[in-house]
Each structure stands twice: as C-alpha cells, then as structure tokens.
Amino acid sequence: KIMFFCKETQPDVVVVENTVKGRNRHTQRFLEWLHRSIFGVVKFLGIQFVYMDPSEWRSVLGIRLSIEDKKNNRFVSQKKKRGRITRKHLSVRWANNAFGLKLKIKDNDIADAISLGRAYLIRRGV
C-alpha cells in the first residue's frame, strides 16, 4: 500500500516520526521493523527519507502546555477535577486551530502526521 501510494502521489520526501523509548518493547521492535520496510520502499523509489523527533516538531510548532493547561493538570493531580491535558490533546488542538479542522482526540495520529509535515516544511523554510 505504501509503494502504491508513493507511486500515485510522487512525493519528494517522506517524513517519519522517529521512535522514542516506549513502554512495550515488542511494539517498539515492530515499529522499528515497520520503519525499515518503509525506508526500503521509499529508497527503492528514489524518494528522500527523513526522520524527525517528536520533541523537535513540537518545538518547531510551539506545541506545549499553556498556563491554563498546567493549572488544569494540577487540579487533576489534586483530584479536584477530571481530564488531564496530554500531548494528544495539544496536537489535535494545534491541527484544528492551524487548519480549521474538527479532529477529535481519537484522531491524534492524524493530527501528529499533519504537525510532523508542517514542522518539516517550516524547518526547510517553506
């Protein structure tokens, strides 16, 4: 599917979020093998392959907890409130604000992909 999609869309570059140490080593291993497979397809097609760390794209886009978010999370920790604001919330909020979308928290992978691509373009001056 990835090869078909790349042939159809003919991208100049494929940007992939670098893996970071996770809780489940088996999932981590699977992701690394998946990255290797994608790398092989992309290189075979002559497309540039770029890794970007999650902390890098969040920094480029200024995605961080606001003062209100921190206050909310403090109340959650004190059990005075429910609903911790996480990185998933921040990514979805950014994508919705930046592009007028209506993504939900369950769409955080889509928001992350949009954010990753936008940060790459900003880094390249586009």
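For this chain, numbers begin at 1 and follow the sequence in order. This structure is a prediction, so every number in the text was calculated from the model and none was measured.
Atom CG in N108 sits 13.5 Å away from atom NZ in K104 (nearest 0.5 Å). In this structure, CD1 on I85 lies 4.5 Å from CG on N72, to the nearest 0.5 angstrom. The distance from atom CG of L90 to atom CG of L61, rounded to the nearest 0.5 Å, is 11.5 Å.
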Would I114 and L101 count as a side chain to side chain contact (heavy atoms under 4.5 Å, CB included) if you check the C-alpha gap in whole Å, the side-chain angles of each, and the deciding distance to 0.1 Å? CA-CA 11 Å; I114 292 168; L101 303 174; 3.7 Å; yes
Trace of the side chain to side chain contact (heavy atoms under 4.5 Å, CB included) decision for E32 with R29: CA-CA 5 Å; E32 294 297 338; R29 185 175 297 125; 5.7 Å; no
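Every pair passing salt bridge (charged side-chain N to carboxylate O under 4.0 Å, His left out) that includes a residue from residues 39-59 is listed here, sequence neighbours excluded: E56-R123. Contacts classified as side-chain hydrogen bond (donor to acceptor under 3.5 Å, both in side chains) and involving residues 82-94 (residues at least two apart or in different chains) are given here: D69-R93, S77-R84, T86-H89, S91-D112.
Legend: residues meeting ring pair (Phe, Tyr, Trp, His ring centres under 6.0 Å) with Y51, ordered by chain and number and at least two apart, are H35, F49. Qualifying side-chain contact (heavy atoms from CB on, under 4.5 Å) partners for V126, counting only residues two or more places apart in sequence or in other chains: L121, R124.
F4 belongs to no hydrophobic cluster, as no Ile, Leu, Val, Met, Phe, Trp or Tyr side chain comes under 4.5 Å of its own.
Follow the hydrophobic side-chain contacts under 4.5 Å out from L116 and you never reach I2; the two are in separate clusters. By the rule that hydrophobic residues join a cluster once side-chain heavy atoms approach within less than 4.5 Å of another member, F99 and L103 end up as members of one cluster. Hydrophobic cluster membership is shared by L34 and I47, with clusters built from Ile, Leu, Val, Met, Phe, Trp and Tyr side chains linked at under 4.5 angstrom. Put simply, F39 and F44 are part of the same group of oily side chains (I, L, V, M, F, W, Y) that touch within less than 4.5 Å, one to the next. Both I105 and L65 are part of a single hydrophobic cluster, where members link through side-chain heavy atoms under 4.5 Å apart.
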Donor-acceptor contacts, no H, no angles, side chain residues 6-17, under 3.5 Å, sequence neighbours left out:
from	atom 1	to	atom 2	distance (Å)
T9	OG1	F5	O	2.8
E17	OE2	W57	NE1	2.9

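The closest side-chain donor-acceptor pair between K102 and N96, if any, does not fall under 3.5 angstrom.
Of all non-hydrogen atoms in G83 and N73, the two that sit nearest each other are O-OD1, 4.5 Å.
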